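A note on names: the letters A, B, ... follow the listed sequences, proteins ahead of strands, and every chain is numbered from 1. These numbers were taken from a predicted model, which means no experiment stands behind them.
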Amino acid sequence: MTFTIPIENGNGVKNAEADSQRTLYPYVTGTSVVAIKYKDGILMASDMGGSYGSTLRYKNIERMKAIGKHSLLGASGEISDFQEILRYLDELMLNDNMWDDGNSLGPKEVHNYLTRVMYNRRNKFNPLWNTLVLGGVKNGEKYLGMVSMIGVSFEDNHVATGFGNHLARPILRDEWREDLSFEEGVKLLEKCMRVLLYRDRSAINKLQIAKMTEEGVTVSEPYSLKTFWDFKAFTNPTVGAEGSW
Amino acid sequence: MFRNQYDTDVTTWSPTGRLFQVEYAMEAVKQGSAAIGLRSRSHVVLACVNKAQSELSSHQRKIFKVDDHIGVAIAGLTADGRVLSRYMRSESINHSFTYESPLPVGRLVVRLADKAQVCTQRSWKRPYGVGLLVGGLDESGAHLYYNCPSGNYFEYQAFAIGSRSQAAKTYLERRFESFQESSREDLIKDAIMAIRETLQGETLKSSICTVSVLGVDEPFHFLDQETIQKVIDTFEKVPEEEEDAGEGEAEPEAAPGAAGTGEQGGSGDQDVAPMEM
């Protein structure tokens, strides 16, 4: 953004100082998150990388977190904004638990709350630079939704962020079924993550898969996918197009 | 009531630890016309007696829809009741907007009670002069609460407030144990019968009462006059036949107030029998 907008800041109209308060571009970012509904609940996968521009700087960032008993939040985009969102949700869930009255906020409510937060920030030209994936199971009902940094929000049977939209979702559109077992779901997600690993330059080979069922959330230990780099197209990329690189 | 030197404002305690202004506000509730609430596991029925200022005017609205899943019946200063209903509607819709989910009635009632408490602790305010019977749903099923001007709230299986509510309470006390498992129809019938107790002699007609229902699969709505009259007809014979039928309509008319509890008990039982046939 090269134009300045006068920002009301409680103390009158300011320009330069207020601009430094608004998010203009992200610094440390996470790449795709992919999630699907399966027979018993939700499966979500993301890698553990935090890129600083083109540098793969941080390799131990958990980009998926449990929210209360019923929900799981995955995020791509600015990591510090994700941590801020976790703080908001922490406060939200704390107040919800303090009521101690048998009612609790489920994934639909958390998703809607996040949509309101993201959209309101977008309206103030100070977005939280994330695309969030919110999944959960409550009272037997599976829920999977997404919110973007401009407040676009929807639910679906499978969602992905960033490059995942272009590389993973076509696979999911072909191969996703309502009654996937846990093993089949994991295999499907790994297939998507492997494609992302080959083709997304900000992906790293250290991922976690999280499972969300009626019983609760489990986030797996980090592990890596087996890769094969000896494809002829990789070893000899310019065959058939001499001079290219 | 009695004149006290400690009742001038709400921020003055009496030596016996009472806030008289708050108690006087609760008196205002007792002056309003009766409102009754009952609940089962899955439904809540709110009913009230329609009181009109004069023959020429229409009756005051005492039952308000707060949301599809919450309704409130008031007794006392109706203006205060309207304002509080507006507050409840506002809270409910704000919650729905942020969370796309209905506000649990238990949480609404606490906010209402906290609002009422504020008025008992500010020298420039007065307590709300209205009692509210709030019926609604949340995750654990149907609930009925009573919010009073003091800022207290209680949960009830069934309750009645307003003038001559004691008669209705007596009726409800005898029957409340069966309400939890009651069917929707029986709950409505019991509500109208309880209304009848507060009328003490006046004929029960559908124009005299307003009845509303809400339930797990049923959004809050009012029953129309026809439906109410049909229910009345199942247990009230036409007045001319009071001698022949001997079903006991004569007895409620002859047994006003507390003195008639024994007789009301008897007539109550006799009133139950025709319904069950």
Side-chain angles (χ1 to χ4, degrees), chain A residues 67-71 73 85 87-124 128 132-148 151-156 214, chain B residues 39-44 66-71 88 90-117 132 134-147 151-157 180 214-217 219-220:
Chain A
I67 311 290
K69 284 197 309 265
H70 302 285
S71 317
L73 176 67
I85 289 170
R87 266 194 291 279
Y88 287 151
L89 290 178
D90 197 38
E91 193 178 324
L92 183 74
M93 297 315 281
L94 183 70
N95 284 321
D96 188 47
N97 289 333
M98 285 211 300
W99 279 103
D100 196 22
D101 64 350
N103 292 299
S104 57
L105 294 173
K108 178 160 96 133
E109 287 83 19
V110 176
H111 183 225
N112 236 71
Y113 171 78
L114 287 172
T115 307
R116 292 289 117 235
V117 169
M118 300 300 271
Y119 184 65
N120 270 304
R121 291 289 297 255
R122 164 262 198 202
N123 283 339
K124 295 196 277 205
L128 289 160
L132 305 169
V133 175
L134 201 299
V137 189
K138 190 174 174 203
N139 297 334
E141 282 194 40
K142 303 184 280 238
Y143 187 90
L144 182 59
M146 203 175 101
V147 195
S148 79
V152 175
S153 141
F154 56 88
E155 286 174 61
D156 208 338
E214 190 75 52
Chain B
R39 68 143 172 154
S40 70
R41 193 182 297 285
S42 57
H43 287 82
V44 183
V66 169
D67 203 338
D68 283 336
H69 69 295
I70 301 181
M88 290 164 76
S90 175
E91 291 295 291
S92 196
I93 210 170
N94 283 339
H95 184 100
S96 283
F97 175 69
T98 310
Y99 301 103
E100 254 216 49
S101 184
L103 173 61
V105 62
R107 298 188 182 189
L108 175 62
V109 160
V110 174
R111 290 186 213 180
L112 198 53
D114 288 347
K115 194 171 157 71
Q117 190 278 341
L132 303 116
V134 184
L137 303 174
D138 68 19
E139 260 176 69
S140 42
H143 297 269
L144 174 69
Y145 294 91
Y146 170 54
N147 277 67
N152 282 327
Y153 68 96
F154 309 93
E155 186 167 359
Y156 285 97
Q157 191 74 47
Q180 186 69 356
L214 70 96
V216 168
D217 291 313
F220 177 93

Original post:
What are the two closest heavy atoms between B:Phe97 and A:Asn112, and how far apart are they?
Top reply: O-ND2, 3.4 Å
**OP:** Please check if atom OH in B:Tyr156 has more than 12 non-hydrogen atoms from other residues, nucleotides or ligands closer than 6.0 Å.
**Re:**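 Yes - once you tally the heavy atoms of other residues, nucleotides and ligands closer than 6.0 Å, there are more than 12.
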**OP:** Could you note down all residue pairs passing salt bridge (Lys or Arg N to Asp or Glu O under 4.0 Å) where residues 97-112 of chain A supplies at least one of them, sequence neighbours left out?
**Re:**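 Only A:Asp101-B:Arg107 qualify under salt bridge (Lys or Arg N to Asp or Glu O under 4.0 Å).
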Which side-chain N or O atoms in residues 139-146 of chain A pair as donor and acceptor under 3.5 Å with protein atoms at least two apart or in another chain?
{"unit_1": "A:Lys142", "atom_1": "NZ", "unit_2": "A:Tyr38", "atom_2": "O", "d": "3.2"}
{"unit_1": "A:Lys142", "atom_1": "NZ", "unit_2": "A:Lys39", "atom_2": "O", "d": "3.1"}
{"unit_1": "A:Tyr143", "atom_1": "OH", "unit_2": "A:His111", "atom_2": "ND1", "d": "2.6"}

**OP:** Identify which part of A:Leu114 has an atom lying under 4.5 Å from any heavy atom of chain B, answering side chain, backbone, both or neither.
**Re:** neither
Subject >> Interchain contact, A:Thr115 with chain B, by part (heavy-atom threshold 4.5 Å) >> reply: neither
Subject >> B:Tyr99 side, atom OH; A:Asp96 side, atom CG - distance, nearest 0.5 Å >> reply: 8.0 Å
